[in-house]
Amino acid sequence: MRGRPRASDDNPSGIAALDVGLEILRVISEHHGAIGLSDLSRLTGEKPNRLHRYLVSFRERGFLSQAENSGLYDLGPQAYALGLSALRRYDPIRGVREATVAIRNATGNQTNLYVWTPRGPTLIASEQGIHYFPVMIRPGTALPLADSITGLVFLAWTSRDKTQALFDEEVSMAARDGISIDVAGIEAQLKEIRKTDVYWSNRAIISHNGAVMPLFDDSGEVACCVTTVIPRGMRDAQTQEATEKAFKNAVENLPLKTASRAGRLL
């Protein structure tokens, strides 16, 4: 399928060249990885010679980068900075950033804040705890839906029209590597997730304990998820109760609501 219809050069409602440039950035940002000129031409509907002029400008300004060996294009540092700035200014979750600090201070555990983007659950803030983990996730990183506890919580609470294409792509990519994702098993897990404010799993990307609490806006949509990671062997009933209490205390005065307060629990 080719890209969106191009704006006419004499369109009085906007600047056609800017529309083309923004569409190029949109396609690259929603692509699953770095992209070549021919694929970008197919997805945008622009001819390669015209595309190349835009790509050169974006690269010089830092919005795109180009791999030296493969020649593939990807988002550059300026696009990364712009995206993070936009996420940090997203009003509904501004107060939740302070809540993540409060949760970290109360529990001592690493606490993260994720929002939904076209790339999936995306980290926008992380408060380091007292424990060291071998894997560090940087702000701007998008997690998989099927293979992360945070992804599963977003999958449980976010409308399928937003998640289905991304989930189907994960299933397809896994199949190419000879891995079968248990879709029926995931559906059963999603039902369990919808029964609680805070969902726990012992496989939080890495083999440690993770807890995820989704927060909902006034329309009942998921605005963000707060997560914490606890080292293996350190989760017991007392720790779990204290963690959930810290979660709820930190967000009780925010405009965003837990699943039970939003009336979303099964």
Side-chain angles (χ1 to χ4, degrees), residues 87 93 96-97 99-117 119-158 163 166-167 170 174 179 181-182 185-216 222-251 256 258-260 264-266:
L87 288 170
I93 61 168
V96 187
R97 291 176 59 83
T100 61
V101 177
I103 294 168
R104 189 276 314 274
N105 291 344
T107 65
N109 296 317
Q110 180 175 330
T111 307
N112 303 317
L113 176 59
Y114 290 86
V115 297
W116 179 262
T117 73
R119 297 170 55 236
T122 302
L123 180 67
I124 64 168
S126 181
E127 297 298 330
Q128 185 64 43
I130 60 176
H131 305 291
Y132 171 78
F133 296 99
V135 177
M136 297 296 295
I137 301 176
R138 297 182 301 171
T141 300
L143 297 182
L145 292 173
D147 290 331
S148 70
I149 177 178
T150 305
L152 288 171
V153 171
F154 270 103
L155 191 60
W157 293 111
T158 306
T163 62
L166 197 58
F167 181 74
E170 286 185 18
I179 300 171
I181 292 179
D182 182 6
I186 287 177
E187 289 295 340
Q189 193 172 0
L190 299 184
K191 291 181 181 179
E192 295 302 312
I193 290 173
R194 297 187 189 106
K195 295 178 181 179
T196 182
D197 279 328
V198 180
Y199 184 71
W200 288 84
S201 172
N202 59 4
R203 292 195 59 81
I205 293 291
I206 51 179
S207 297
H208 291 280
N209 298 290
V212 183
M213 179 175 64
L215 294 174
F216 299 82
V222 176
C224 61
C225 282
V226 180
T227 77
T228 191
V229 184
I230 299 174
R232 181 188 295 168
M234 296 184 64
R235 173 189 166 193
D236 54 25
Q238 183 177 359
T239 300
Q240 184 166 323
E241 181 180 0
T243 301
E244 292 185 12
K245 182 178 180 181
F247 268 40
K248 294 178 180 180
N249 286 345
V251 303
L256 299 179
T258 60
S260 57
R264 295 294 308 273
L265 293 183
L266 292 180

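In this structure the side chain of L215 reaches within 4.5 angstrom of the side chain of V251, judged on heavy atoms.
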Full working for side chain to side chain contact (heavy atoms under 4.5 Å, CB included) between T258 and F247: CA-CA 10 Å; T258 60; F247 268 40; over 6 Å; no
Side chain to side chain contact (heavy atoms under 4.5 Å, CB included) between F167 and I186, intermediate numbers included: CA-CA 11 Å; F167 181 74; I186 287 177; 4.0 Å; yes
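Atoms OG1 and CG, on T122 and L143 in that order, are 7.5 Å from each other to the nearest 0.5 Å. Here CG of L152 is found 5.0 Å from CD1 of I193. Values are rounded to the nearest 0.5 Å. Note that CZ of R264 is 8.5 Å distant from CZ of R194, once rounded to the nearest 0.5 Å. The CE atom of M213 sits 10.0 Å away from the OG1 atom of T111 when rounded to the nearest 0.5 Å. In this structure, the separation between CG on L113 and OG1 on T100 is 6.0 Å, given to the nearest 0.5 Å. From L155, atom CG reaches atom OG1 of T150 across 12.0 Å, with rounding to the nearest 0.5 Å.
Residues satisfying the side-chain contact (heavy atoms from CB on, under 4.5 Å) criterion with T239, sequence neighbours excluded, are I230, D236, T243. Residues that satisfy the side-chain hydrogen bond (donor to acceptor under 3.5 Å, both in side chains) test with T196, not counting sequence neighbours, are absent from this structure. In terms of the side-chain hydrogen bond (donor to acceptor under 3.5 Å, both in side chains) criterion, residue partners of Q189 (sequence neighbours excluded) are, by chain and number, Y199. Residues meeting the side-chain hydrogen bond (donor to acceptor under 3.5 Å, both in side chains) test with K245, sequence neighbours left out: none. Partners of R104 under the side-chain hydrogen bond (donor to acceptor under 3.5 Å, both in side chains) rule, at least two apart in sequence or in another chain, do not exist in this structure.
A246 and I103 get closest at one heavy-atom pair: O-CG1, 3.8 Å. Between V115 and A223, the closest heavy-atom pair is CG1-O, 3.8 Å. Of all the heavy atoms in P121 and L145, the pair that sits closest is CD-CD2, 3.9 Å. Scanning all heavy atoms of the two residues, the minimum distance from A259 to D197 falls at N-OD1, 3.1 Å. Nearest approach of N109 to P231, heavy atoms of both residues: OD1-CD, 4.4 Å.
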Atom pairs and distances, side-chain donor-acceptor, residues 123-137, under 3.5 Å, sequence neighbours left out:
from, atom 1, to, atom 2, distance (Å)
S126, OG, N112, OD1, 2.6
Q128, NE2, H131, O, 3.3

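Below 30°, between 30° and 60°, or above 60°: for W116 and F154 the angle between ring planes is between 30° and 60°, a tilted geometry.
A distance-only check finds no donor-acceptor pair linking the side chain of E170 to the backbone of P144 [under 3.5 Å].
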